[in-house]
Protein chains: 4
Amino acid sequence: MVDGKTVPQRILAAALELFAEKGFESTSVQDVVVAAGVTKGAMYHYFDSKEDLLYEIYGRVLRMQMERLNEVVVQEGPVEDRLRAACADVVVTTANNLEGTTIFFRSLHQMSTEKQHGVRRERRRYHETFRGLIVEGQESGVFRGDVSAELCVDYFFGSVHHLPMWLKPTGRLTAEEVGRSFAELFIAGLVSR
Amino acid sequence: MVDGKTVPQRILAAALELFAEKGFESTSVQDVVVAAGVTKGAMYHYFDSKEDLLYEIYGRVLRMQMERLNEVVVQEGPVEDRLRAACADVVVTTANNLEGTTIFFRSLHQMSTEKQHGVRRERRRYHETFRGLIVEGQESGVFRGDVSAELCVDYFFGSVHHLPMWLKPTGRLTAEEVGRSFAELFIAGLVSR
Amino acid sequence: MVDGKTVPQRILAAALELFAEKGFESTSVQDVVVAAGVTKGAMYHYFDSKEDLLYEIYGRVLRMQMERLNEVVVQEGPVEDRLRAACADVVVTTANNLEGTTIFFRSLHQMSTEKQHGVRRERRRYHETFRGLIVEGQESGVFRGDVSAELCVDYFFGSVHHLPMWLKPTGRLTAEEVGRSFAELFIAGLVSR
Amino acid sequence: MVDGKTVPQRILAAALELFAEKGFESTSVQDVVVAAGVTKGAMYHYFDSKEDLLYEIYGRVLRMQMERLNEVVVQEGPVEDRLRAACADVVVTTANNLEGTTIFFRSLHQMSTEKQHGVRRERRRYHETFRGLIVEGQESGVFRGDVSAELCVDYFFGSVHHLPMWLKPTGRLTAEEVGRSFAELFIAGLVSR
DNA sequence: TATGAATGAGCTTTCATTCAT
DNA sequence: TATGAATGAAAGCTCATTCAT
C-alpha cells in the first residue's frame with residue numbers, strides 16, 4: 001500500500017486518467033501499470049483483462065450516479081422542485097466525474113456484448129427513475145404533455161453527457177452554476193403555460 | 001469504378017461504416033480494404049494514413065453541417081422562427097448522419113493534435129453562428145438573458161450530439177419528429193415570460 | 001528466395017527441426033523465424049498461426065506415407081510378399097522422416113480438436129489400407145486367424161512409430177536393415193503353421 | 001489429508017491426469033494446484049519445480065515396471081514361457097498406467113538433460129533385463145539368431161509404448177487379451193523353425 | 001506447513017506502413 | 001494506378017517462481 005491506496009486502487013486510478021486522456025484502445029496495459037507504479041503481473045493478479053479495468057470504472061460511475069438520483073427522488077415537495085434538484089444534481093455529479101463520464105460514452109462499444117448489456121440495463125433503470133418524475137409532472141398537469149417523457153429524458157441527458165466535451169474543471173463556470181442553468185432551461189421548456 | 005463509386009469513395013464509405021461500428025482503433029486497415037474490395041496498396045495510394053481516413057470523414061461531416069446551418073441562418077423572419085428552424089434542421093441532419101456523428105465524438109481524440117485543432121476551430125465557427133442567433137434574440141428581448149448564450153449552445157448541442165446513442169434509423173420516431181420536439185423544448189426554455 | 005528455397009519452405013524446414021528437437025510448446029515463434037532467417041511478420045504473412053506450422057508438417061508426413069503405401073499395395077504377387085514389402089517400406093519411409101514422425105506422435109495433442117480429427121481420419125485410412133492386406137492373408141489361410149487384424153496393425157505400427165525414440169540416422173543400422181528385420185519378425189509371427 | 005491422500009499425493013495425481021490430457025507444457029502450475037485443491041505455495045513446499053512433478057511421475061512409472069519385470073524374470077520354466085509372461089505382463093502393466101506411459105514418451109524431452117540421462121539409464125537397465133531373456137533363448141537355440149536381440153527389444157517395446165495411442169480403458173479389449181496377443185505375435189515371430 | 005501477492009521475462013499475434021515491381 | 005510480400009514495433013496476456021507473513 002502506497003499513499004494510503006491499495007494496488008488495485010492505484011491501478012484503477014491510473015486507468016481512469018489514461019483512458020479519459022488517450023482513449024481505451026490507445027492506452028496500453030504497459031501505460032497503465034507504469035502510471036500506477038506496479039508491474040503487469042500485479043495488474044493481472046487483480047484484474048482479468050484490460051477490459052475488466054474498463055468495466056470496473058463503469059461500475060463505479062453507474063453506482064455513484066444511481067445513488068445520488070435515488071436520494072433526490074425520494075425527497076418531499078412539488079414535482080417541479082424535485083426534478084429541478086435532480087437535474088442540477090446530475091450535472092454536478094457528472095462534472096465531478098468528467099473522466100469517468102468521458103470514458104463511459106466514448107468506450108462503451110469496446111466492451112464485450114455481455115458486459116455492454118449489463119451496463120445498458122443499469123443505465124436504463126437510471127433513466128426510468130428520472131422519467132418517472134417527468135411522467136408524474138405530466139399527469140398532474142404541471143408539465144406539458146405534447147412531448148413524450150422518454151424523449152425529454154434523452155434530450156436532457158444528451159446535454160449532461162456531453163459536459164466532458166466542453167466543461168473544464170478549471171474553467172470560469174462552476175459545476176453548480178451549470179447545474180442551475182441546465183435545470184432552469186430544461187424545466188422552463190417543460191412546464192405548461 | 002464499381003457501382004458508380006470511385007475507389008476512394010468506396011474506401012471512405014467502408015471506413016465510415018466500420019469506424020462507427022467497431023471504433024477507429026479496433027478497425028484495421030485490412031478490415032477497411034477488404035470491406036471496400038480494394039488492396040492495401042490502393043488505399044495508401046489515395047490516403048496518407050489510417051488517420052487520414054478519419055480526417056476525411058470529419059471534413060465531410062463538418063462541411064455538411066455548416067452548409068445547412070448557413071442556409072437556415074440567412075432566411076427571413078423572427079429570430080425565434082429562425083432558431084427553431086436551425087434547431088430542427090441540425091437534428092435532422094445529424095439523424096441522417098448517425099455514423100458520421102458517432103465517429104465524430106468518439107474518435108476525435110485519436111487524431112493528431114494539429115488536426116484536432118483544425119476540427120475544433122471549424123466546430124467553433126459552427127457554434128458561433130448558432131450562438132449569434134441566440135444573442136440576437138436575447139438583445140431583442142425575445143429570449144431570456146439570465147443564461148449565457150454560450151451555455152445555451154452547449155446545452156442544446158449536447159442533446160443533438162448524443163442522438164447516435166439512442167436514436168435508431170429503424171425506430172418509432174422519425175428524425176423530423178425528434179427535430180420538432182427538441183426545437184420546441186429548447187425554444188420554450190429560452191423565451192422570456 | 002535463398003538457397004533455392006522460398007520463404008515458407010525455409011520457415012517450415014526450421015519449424016520441423018526445432019519442433020523435433022525441443023518440442024512444439026518449447027519452441028517459440030521467435031526461435032523458428034530466427035532459424036529460418038526471416039521476420040515474424042513474414043511468418044504470419046504465410047501462416048495463420050504457430051499451430052498452422054504444425055498442421056503443415058503433419059500434412060506432409062501423412063501425404064508422403066499414404067503415397068508410398070498405395071504404391072506398394074497395388075503390386076502383384078502373394079499377399080505375404082506384398083505385406084512384407086509394405087512393412088519394410090514404411091520403416092524406411094519413417095526412418096527417412098524421423099523428425100516428422102517425432103513431431104507427429106509427440107505433438108498431436110497440441111492441435112485444435114478439429115485439426116486432430118482431420119489428421120486422425122487420414123491416419124485411419126492409412127491403417128485401413130494396411131489392415132486390408134492382413135485380412136486378405138487371413139482369409140486365404142496364409143496368416144493366422146486367432147488375432148484380430150486390427151490388433152496386428154496396432155502391434156506393428158507401434159514398433160514403427162517408436163523408431164524415432166531409438167533409431168539414429170548416424171547409427172550402426174541402416175533404415176533398410178531395420179525394415180527387413182521388422183518385416184521378418186512381423187510376418188513370421190503372423191503366418192499360419 | 002483428504003480422501004486418505006496426502007497433499008503431495010493429491011498434487012501428483014492431479015499432475016498425472018493433466019499432463020496426460022493436455023501435455024506438460026500446456027498445463028500450468030495453476031491448473032495443477034486447482035485440480036489438486038491446494039495452493040501454489042503448498043506445491044512449491046513439496047516440489048522444487050514443475051519439472052520436479054514430471055520427474056516424480058517418471059520415477060513411479062519406472063519403478064513399477066522394473067519391479068514387475070524382475071518378478072517375472074526370476075521365475076522357473078523354459079525361456080519361451082518366461083519371455084511370454086514378461087511380454088504379457090508389461091502390456092498389462094502399461095495398460096493399467098496409460099496416463100503415466102503417455103507422459104513418459106511425450107514429455108521426456110521437456111526434462112533437463114541431467115534428469116533425462118537418469119531416466120534413460122534406468123530405462124536401459126529395464127531393456128537389458130528383457131534383452132537377457134531373448135539372448136538366453138537365442139543361445140539355447142529356441143529363438144532365431146538372425147535378428148539382433150537388441151532390435152527385437154526395440155521392436156516389441158515400440159508396440160507396448162504405443163498402447164496409449166489407441167487402447168482405451170473402456171474399449172472392447174481387456175489389457176490381458178492384448179497382452180496375450182502381443183506376446184503370442186512376438187514369440188511366434190521369434191522362435192526358430 | 002501453508003498462503004497469495006508480486007515479479008519479470010517471455011509468449012503469440014496484430015498492425016500500420018513501406019517498397020520493389 | 002495498383003499489388004502484396006515483408007517489416008519491426010508493440011500489443012495483451014501467461015506463467016513458473018519467490019518471499020514476507
Side-chain angles (χ1 to χ4, degrees), chain A residues 1 6-8 10-11 24-33 36-53 110, chain B residues 1 6-8 11 24-34 37-54 110, chain C residues 1 6-8 11 24-33 36-53 110, chain D residues 1 6-8 11 24-34 36-54 110:
Chain A
M1 198 178 310
T6 64
V7 166
R10 296 223 309 283
I11 293 170
F24 175 74
E25 293 281 356
S26 299
T27 302
S28 71
V29 171
Q30 188 68 241
D31 293 338
V32 174
V33 299
V38 302
T39 62
K40 243 187 259 194
M43 195 226 103
Y44 278 98
H45 182 71
Y46 290 105
F47 302 93
D48 287 343
S49 63
K50 186 186 167 189
E51 195 196 305
D52 206 24
L53 290 175
Q110 311 284 16
Chain B
M1 199 176 312
T6 64
V7 166
I11 293 171
F24 175 74
E25 294 280 355
S26 298
T27 302
S28 70
V29 171
Q30 188 68 240
D31 292 338
V32 174
V33 299
V34 165
V38 303
T39 62
K40 259 191 233 189
M43 196 224 100
Y44 277 96
H45 181 73
Y46 290 108
F47 300 93
D48 288 343
S49 64
K50 187 185 166 189
E51 196 195 305
D52 205 25
L53 289 174
L54 193 56
Q110 313 282 18
Chain C
M1 201 177 310
T6 64
V7 166
I11 293 170
F24 175 74
E25 294 280 356
S26 299
T27 302
S28 70
V29 172
Q30 187 68 242
D31 293 338
V32 174
V33 299
V38 303
T39 61
K40 247 186 255 194
M43 195 227 104
Y44 279 97
H45 183 70
Y46 289 106
F47 301 94
D48 287 342
S49 63
K50 186 186 167 188
E51 195 196 306
D52 205 24
L53 290 175
Q110 311 283 16
Chain D
M1 199 176 312
T6 64
V7 166
I11 293 170
F24 175 74
E25 292 282 356
S26 299
T27 302
S28 69
V29 171
Q30 188 67 240
D31 292 337
V32 174
V33 299
V34 165
V38 304
T39 62
K40 258 190 235 187
M43 196 225 102
Y44 277 96
H45 181 73
Y46 290 106
F47 300 94
D48 287 343
S49 64
K50 186 186 167 189
E51 196 196 305
D52 204 25
L53 290 174
L54 194 55
Q110 311 284 16

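Every heavy atom of this structure was used, including side-chain atoms; hydrogens, water molecules and symmetry mates were not. Given the structure is predicted, the values throughout are model-derived calculations rather than measurements. Naming: A, B, ... by sequence-line order, numbering from 1 per chain.
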- Query: If you check every side-chain atom of D:A42, which of E:dA2, E:dT17, F:dA2 has the closest atom?
  - Reply: E:dA2
- Query: D:T27 near the nucleic acid: base, sugar-phosphate alone, or nothing, with a heavy-atom cut-off under 4.0 Å?
  - Reply: sugar-phosphate
- Write down the distance between CD (B:Q30) and C1' (F:dA6), rounded to a whole number of angstrom. 14 Å
- Message: Tell me whether the side-chain N/O atoms of C:S28 come closer than 4.0 Å to OP1 or OP2 in E:dC11.
- Response: yes
- Query: Between E:dT18 atom C1' and C:H45 atom NE2, what is the distance in whole Å?
  - Reply: 13 Å
- Message: What I'd like to find out is whether the side chain of A:V29 reaches to under 4.5 Å of the side chain of A:Y44, using heavy atoms alone.
- Response: yes
- Message: Between C1' on F:dT17 and CG on D:D52, what's the gap in Å once rounded to a whole number?
- Response: 13 Å
- Query: Mapping D:V29 and C:V38 onto DNA chain F by nearest heavy atom, which one lands closer to the 5' end?
  - Reply: C:V38
- Of the non-hydrogen atoms in A:K40 and A:Q30, which two are nearest, and what is the gap between them? CE-NE2, 3.2 Å
- Watson-Crick/G-U partner (both atom distances under 3.5 Å) of F:dT17: E:dA6
- Task: Check whether the side chain of B:K40 and the base of E:dT17 form a donor-acceptor pair under 3.5 Å.
- Result: yes
- For atom CD of C:E25 and atom C1' of E:dT12, their distance in whole Å: 11 Å
- note: B:F24, atom CZ; E:dT14, atom P; distance rounded to Å ~ 19 Å
- Candidates E:dT7, E:dT17, F:dG4 - which lies nearest the side chain of B:T39: F:dG4
- Query: Is a side-chain donor-acceptor pair under 3.5 Å present for D:D31 with D:S28?
  - Reply: yes
- Query: Contact class for B:Y46 vs. all strands (heavy atom < 4.0 Å): base, sugar-phosphate, or nothing?
  - Reply: sugar-phosphate
- Query: Roughly how far apart are B:E25 CD and B:L54 CG, rounded to 0.5 Å?
  - Reply: 9.5 Å
- Nearest-nucleotide pick for B:Y44, side chain only, options being F:dG4, F:dT14, E:dA16: E:dA16
- Item | Between E:dT12 (P) and C:L53 (CG): distance, integer Å | 10 Å
- Note on the structure: To the nearest angstrom, the CD-P distance between D:E51 and F:dC15 comes to 18 Å
- Upstream residue (5' side of DNA chain E) when A:G41 and C:M43 are each assigned their closest nucleotide: A:G41
- Can you tell me the distance, in whole Å, between the NZ atom of C:K50 and the C1' atom of E:dT13? 12 Å
- Query: What do the steps show when you test A:L53 against A:F24 for side chain to side chain contact (heavy atoms under 4.5 Å, CB included), and what is the final call?
  - Reply: CA-CA 10 Å; A:L53 290 175; A:F24 175 74; 5.7 Å; no
